[in-house]
Number of protein chains: 2
Amino acid sequence: MTRLHAGNPLSDSPDPVRAMLDSMAAWTGAPENEAQCPVRDVLDRVGQKWTLLILVALEPAPKRFSQLQRQVGDISKRMLTQTLRQLERDGLVSRQVFPTKPPSVEYALTGLGRSALAPIGALLVWADSNHGAIRASRAAFDAEEVA
Amino acid sequence: MTRLHAGNPLSDSPDPVRAMLDSMAAWTGAPENEAQCPVRDVLDRVGQKWTLLILVALEPAPKRFSQLQRQVGDISKRMLTQTLRQLERDGLVSRQVFPTKPPSVEYALTGLGRSALAPIGALLVWADSNHGAIRASRAAFDAEEVA
DNA sequence: GATAGGTGGTCTATTTATGAGACCATATCT
DNA sequence: AGATATGGTCTCATAAATAGACCACCTATC
């Protein structure tokens, strides 16, 4: 991870990342065909409050519906259901019903879902190591505002 | 990038990422002190429709307000203003006013902002290479639903 | 000299997303 | 009988995002 903190972090990044960002910046624009733009498509999912949190929660092991709800804590059943359905539809999570009484349902990451956790993890590592700087910047900004 | 596609992508990931995910999964739970949890904090930002898109748009070069709006395309002025203010407060973007007539305002990535683009770029690369699989999964899911 | 266009925004009204919580059928334990 | 757990759905209220009018200012065009 040291590379991420030295010099210009971007020019230190693997080529594909830099190239992707450059080419991507070119077509950030409004997509005529929504589904055709991978960036928008994935970013829309990512930009849904619970998606990443649930993927991370499923990483250590598969979990049942109410286990998930207890772990995430402040998610409503409604949003949990909705988010899980979407993730299942996208193929990131699998859903398996067991004929217990009452029936229990187990959610697990698929291979695709697991592969998503690599970039997501990188983002969280960044978040963790830069959280201090962000909080400091906010404090400074707010201090100026008041003045 | 080959490593990301072979076997279990997670166990191939650098240790810090795996460790982060594991420790993170433990405290996905509702934070008593919101600001204390880096995950929630950053994920809340990331989980805001335009944040990432704007960061990516600023990567190639600093841009003015209306340049940004034109490039992103379907963002409203209101959301653009709001998102830029947040990013400025968080220290990811800098705002500089030039005394032209009418005055123009230039937004640029700070060092912190640039450092964020490394993990974000990784996410976009993932999005791009797995978009096909996701679309296929959706098609299959929807086909079952109807049946 | 009126008109259209560009600058960076703010403000209001409407649509969309999220949240809180009741409700359901079934079965187990107390 | 009454409480607890299973995985949801449903309705209603609140929070967030969107479109689009509006503003003050200046320039170039007609």
Side-chain angles (χ1 to χ4, degrees), chain A residues 28-32 34 40-54 57-58 62-90 93-108 141 145, chain B residues 28-32 34 40-41 43-54 57-58 62-90 93-108 141 144-145:
Chain A
T28 351
E32 289 143 32
E34 286 281 333
R40 293 298 190 113
D41 202 1
V42 171
L43 251 44
D44 276 3
R45 282 282 173 283
V46 165
Q48 264 167 286
K49 201 159 185 172
W50 302 105
T51 311
L52 297 189
L53 225 39
I54 288 180
L58 284 178
K63 289 194 176 58
R64 279 175 300 109
F65 185 86
S66 37
Q67 267 183 308
L68 269 174
Q69 195 185 7
R70 273 190 295 272
Q71 181 175 344
V72 175
D74 55 351
I75 189 176
S76 65
K77 287 183 169 187
R78 193 180 178 283
M79 289 316 293
L80 183 54
T81 304
Q82 194 176 108
T83 308
L84 283 170
R85 284 280 134 73
Q86 271 186 335
L87 288 172
E88 188 196 356
R89 189 171 102 102
D90 287 356
V93 156
S94 69
R95 177 178 184 273
Q96 194 178 359
V97 183
F98 292 95
T100 56
K101 287 174 184 179
S104 55
V105 181
E106 191 178 85
Y107 293 93
F141 186 92
E145 285 292 274
Chain B
T28 353
E32 290 143 31
E34 286 281 334
R40 293 297 190 113
D41 202 0
L43 250 44
D44 278 2
R45 282 282 173 282
V46 165
Q48 263 166 289
K49 200 155 185 175
W50 302 106
T51 311
L52 297 190
L53 226 38
I54 287 179
L58 284 179
K63 289 194 174 59
R64 278 175 300 109
F65 186 86
S66 37
Q67 265 184 310
L68 269 174
Q69 196 186 7
R70 272 190 296 272
Q71 180 173 347
V72 175
D74 55 351
I75 188 176
S76 66
K77 288 181 169 190
R78 194 179 178 284
M79 289 316 292
L80 183 54
T81 304
Q82 193 176 109
T83 308
L84 284 170
R85 284 279 134 73
Q86 270 185 337
L87 288 173
E88 188 195 355
R89 188 171 103 102
D90 288 355
V93 157
S94 69
R95 177 178 184 272
Q96 194 177 0
V97 183
F98 291 96
T100 57
K101 288 174 183 177
S104 54
V105 181
E106 191 178 83
Y107 293 93
F141 186 92
E144 273 183 29
E145 286 291 274

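Naming convention: chains lettered A, B, ... in sequence-line order (proteins, then strands); numbering from 1 in each chain. Owing to the predicted nature of the structure, the values given are computational and were not obtained by experimental measurement.
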How is A:Tyr107 classified with respect to the nucleic acid when contacts are heavy atoms under 4.0 Å: base, sugar-phosphate, or nothing? sugar-phosphate
Base-contact (B) and sugar-phosphate-only (S) positions in nucleotides 10-29 of chain D, heavy-atom cut-off under 4.0 Å, - elsewhere: BB-----SBB------S---
C:dT18 P sits how many Å from A:Asp44 CG, rounded? 11 Å
For B:Gln86 and B:Gln48, test the side chains for any donor-to-acceptor distance below 3.5 angstrom and give the result as yes or no. yes
Measure CD/A:Gln69 against C1'/D:dA5 and give the value in whole Å, please. 13 Å
What are the two closest heavy atoms between A:Lys63 and A:Ala57, and how far apart are they? NZ-O, 3.0 Å
Among C:dT7, D:dG8, C:dG9, the one nearest any side-chain atom of B:Arg95 is C:dG9
Closest heavy-atom pair, A:Arg40 versus B:Val72, reported as atoms and distance to 0.1 Å, is NH2-O, 3.1 Å
Of all the heavy-atom pairs spanning B:Leu58 and B:Tyr107, show the shortest one and how long it is. CD2-O, 3.5 Å
The helix from C:dG1-D:dC30 to C:dT30-D:dA1: angle between end helix axes, five pairs per end, rounded to 10 degrees: 20°
In terms of heavy-atom contacts, B:Phe65 and B:Leu80 come closest through O-CD2, 3.6 Å
For a quick test of reading the model, state the closest non-hydrogen atom pair linking B:Ile75 to B:Gln69 and the distance between them. O-NE2, 3.4 Å
Between C:dT10, D:dT9, D:dT6, which one does the side chain of A:Arg64 approach most closely? D:dT6
With heavy atoms under 4.0 Å as the rule, sort B:Ser66 into base, sugar-phosphate or nothing. sugar-phosphate
